[in-house]
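Side chains included, hydrogens not; waters and symmetry mates left out as well; all remaining heavy atoms used.
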Amino acid sequence: MGNSDYINEFMQTVQKSFHVEKELLKNEEIKFGLRNHDRTGVFAGYSNISSVVGYKKEDGKVMAVPGRLIYRGIDIEDLVNGFQKDNRFGFEETILLLLTGRLPNAHELKIFSDYMILLRDLPDDFVRDMILSLKGKNVLNMLARSILGLYSYDKKPEDLGLLNMVNQSLNIISKFPTIIAYAFHTYNHAYQGKTLSIRHPRKDLSIAENFLYLLKGTNRFTKLEAEILDLSLVLHAEHGGGNNSTFTMRVTSSSETDVYSAVGAAIGSLKGPLHGGANLKVVDMMEDIKANISNWDNEGEIADYIIKIFNKEAYDRSGKVFGMGHAVYTVSDPRALLLKEKAKELALEKGSYDEWKLYATVERLTPEVFSKFKGKPADICINVDFYSGFVYSCLEIPKELFTPIFAMGRIAGWCTHRIEEVINPAKKIIRPSYKNIAKDQRYVSIVDRK
């Protein structure tokens, strides 16, 4: 038997070894994806950090309700409207709220922000060895590797004391934007033939402003651009302990590993396209819609094309309208509503209002089309990814940075959940079980094997 025949037979054997009978997939006792059969998440513990509300239960039935996202008891809409009304950036305040459980006063926020600024810089040898020399074709991969590298610069990397964990968290959160910007410039230079530009972080800018400066340079972004990036970071900062990357953070932290290993694992989870890459698919899908719709104001033509997408006749033939639907939200995603309005402001500033209107039309028509496609009423709404890719495109942020920016916001929530997991007095290492269905077989001596 030749090598190719052996490889084919080997692959068939491997595939058969993982086969599961369809009848077993209907087992009511098994919570596939750690979800109950009514699609709600399996209750795994208590948390003081955030609430993600998209449904309520009445008489054992799941009832859809308008979505709410609550950080430390404060509704995300109140938080955002509060700092925007004051004409302030909000991400620094959000980090402090998540870590401490309360809003800082003006003096506390100034001290905290100034301290975070001092942590932005990366050691020169770290930049040279971990980022510039070890090039990579994926910014998230470079980010994960760099975070693991910070372990060597920590004098107490394994210390699980509360003060040390807070200090580690602040250091990582502060350095995330710098690492992401440097990683992108290195990627752009090595693989896209662009000029390598490494700028030192500025001490007079907010986190959002500083990232845009590191990415673009001086006077290359507007106040509104910085405000909408800041809003995006706030909206992505936290989303409950059950989302895939945060749960990964809690699972690894429950083993009492170091923070750098736990963050690296969470980044790996976010890198998966089913978690962090949805806004990329939205942008690609909308480009396809724009290319195939002759009149962006013709709602009938748009609706017909959406039907084609559902029928697997258009775009990527997956049958999915990306950016629509969510594991928890059904009536509305509060993050999407907040981002949509700010996206409209940005579109007007950038001369992209017609494109924003097309997004809004697709958003409005898709639930109607989906209900007709299913032949019954269906609850479906846009999620935060629907407009975030549009926003980043308006900001002229390359697609390679869409998911890293998600991570730049979510690192605040990750670190908060890690601390809660480690100091929890009822903590146990997270260990769900899987039912083994392999058939018993007898060991056969190698000379008797066929």
Side-chain angles (χ1 to χ4, degrees), residues 92 95 112-161 163-218 220 249 252 257-268 270-271 398 400-401 403-405 407-412 414-415 418:
E92 287 84 348
I95 296 168
F112 177 74
S113 299
D114 289 347
Y115 178 68
M116 294 291 280
I117 286 172
L118 296 176
L119 299 174
R120 288 176 179 172
D121 283 298
L122 297 169
D124 290 341
D125 58 340
F126 179 90
V127 175
R128 182 189 66 240
D129 298 336
M130 291 299 304
I131 301 178
L132 298 180
S133 297
L134 291 175
K135 303 174 182 64
K137 294 184 178 180
N138 186 285
V139 175
L140 274 179
N141 179 267
M142 296 178 72
L143 174 63
R145 186 183 65 216
S146 297
I147 292 300
L148 289 172
L150 287 177
Y151 180 101
S152 300
Y153 291 79
D154 189 337
K155 294 180 180 179
K156 298 187 290 184
E158 304 281 355
D159 185 348
L160 297 182
L163 178 59
N164 192 59
M165 286 196 293
V166 170
N167 285 333
Q168 288 175 327
S169 297
L170 298 181
N171 186 50
I172 290 172
I173 293 169
S174 296
K175 286 178 167 53
F176 243 58
T178 310
I179 294 172
I180 291 170
Y182 288 5
F184 173 73
H185 287 310
T186 302
Y187 156 82
N188 222 19
H189 175 66
Y191 300 104
Q192 304 299 320
K194 301 296 179 64
T195 301
L196 179 63
S197 301
I198 300 295
R199 304 177 181 92
H200 290 289
R202 282 176 49 176
K203 294 179 168 47
D204 59 333
L205 301 177
S206 70
I207 291 174
E209 290 173 306
N210 184 64
F211 180 73
L212 289 174
Y213 163 72
L214 291 176
L215 194 63
K216 299 182 175 188
T218 305
R220 298 292 300 275
M249 186 76 172
T252 50
T257 190
D258 65 276
V259 65
Y260 307 101
S261 296
V263 172
I267 294 170
L270 189 65
K271 184 174 179 287
E400 292 85 358
L401 288 176
T403 310
I405 288 174
M408 195 163 71
R410 186 58 58 85
I411 182 60
W414 287 345
C415 287
R418 169 182 167 76

Between I173 and M116, is the side-chain contact (heavy atoms from CB on, under 4.5 Å) condition met? List the steps. CA-CA 8 Å; I173 293 169; M116 294 291 280; 3.8 Å; yes
Output the distance between atom CE (M249) and atom OG (S261), rounded to the nearest 0.5 Å. 10.0 Å
Enumerate the residue pairs fulfilling side chain to side chain donor-acceptor pair (under 3.5 Å) with a member in residues 165-185, sequence neighbours excluded, ordered by first and then second residue. D154-Q168, N171-K175
Is Y187 close to K194 at the side-chain level, that is, under 4.5 Å between some pair of heavy atoms? no
Tightest non-hydrogen contact, residues T252 and T257, listed as O-CG2, 3.3 Å
Could you grab the distance from atom OH of Y115 to atom CG of L118, nearest 0.5 Å is fine? 8.0 Å
Quick one: pull up CD1 in I405 and CE in M408 and give me the separation to the nearest 0.5 Å. 5.5 Å
Backbone N or O of K156 within a donor-acceptor pair of the N164 side chain at under 3.5 Å? yes
Could you state the interatomic distance from OG1 (T218) to CG (L212), rounded to the nearest 0.5 Å? 12.0 Å
Report yes if some heavy atom in the side chain of D125 is under 4.5 Å from a heavy atom in the side chain of Y153; otherwise report no. yes
Enumerate, atom names and distances included, each donor-acceptor pair closer than 3.5 Å involving a side-chain atom of residues 203-210, sequence neighbours excluded.
from : atom 1 : to   : atom 2 : distance (Å)
D204 : OD1    : R202 : NE     : 3.0
D204 : OD1    : R202 : NH2    : 3.4
D204 : OD2    : R202 : NH2    : 2.7
S206 : OG     : E209 : N      : 3.2
S206 : OG     : E209 : OE1    : 3.1
E209 : OE1    : S206 : N      : 2.9
N210 : OD1    : R202 : N      : 2.9

Rounded distance (nearest 0.5 Å) linking atom CG of L160 with atom CZ of R418: 6.0 Å
Residues that A183 engages under side-chain contact (heavy atoms from CB on, under 4.5 Å), provided they are two or more places apart: V139, M142
Heavy atoms only: give me the nearest F112-E92 pair and the separation to one decimal. CE2-O, 3.5 Å
Determine the minimum heavy-atom distance between R220 and K216, stating which atoms define it. CG-O, 3.4 Å
Would you name the heavy atoms of L140 and A407 that are closest together and state the gap between them? CD2-CB, 4.3 Å
Using the side-chain contact (heavy atoms from CB on, under 4.5 Å) criterion, which residues pair with S197? Sequence neighbours excluded. T195, R199
Mind listing the closest non-hydrogen atom pair of F184 and P398 along with its distance? CZ-CG, 3.3 Å
Non-hydrogen atoms of L214 and A181 that approach each other most closely: CB-CB, 3.7 Å
Just to verify, what does A144 make a side-chain contact (heavy atoms from CB on, under 4.5 Å) with, not counting sequence neighbours? I267
For residues 126-136, dump all side-chain donor-acceptor pairs below 3.5 Å to protein atoms at least two apart in sequence or in another chain.
from : atom 1 : to   : atom 2 : distance (Å)
S133 : OG     : R128 : O      : 2.7
K135 : NZ     : L132 : O      : 3.4

Separation between CG of L122 and CG of L150, rounded to the nearest 0.5 Å: 7.0 Å
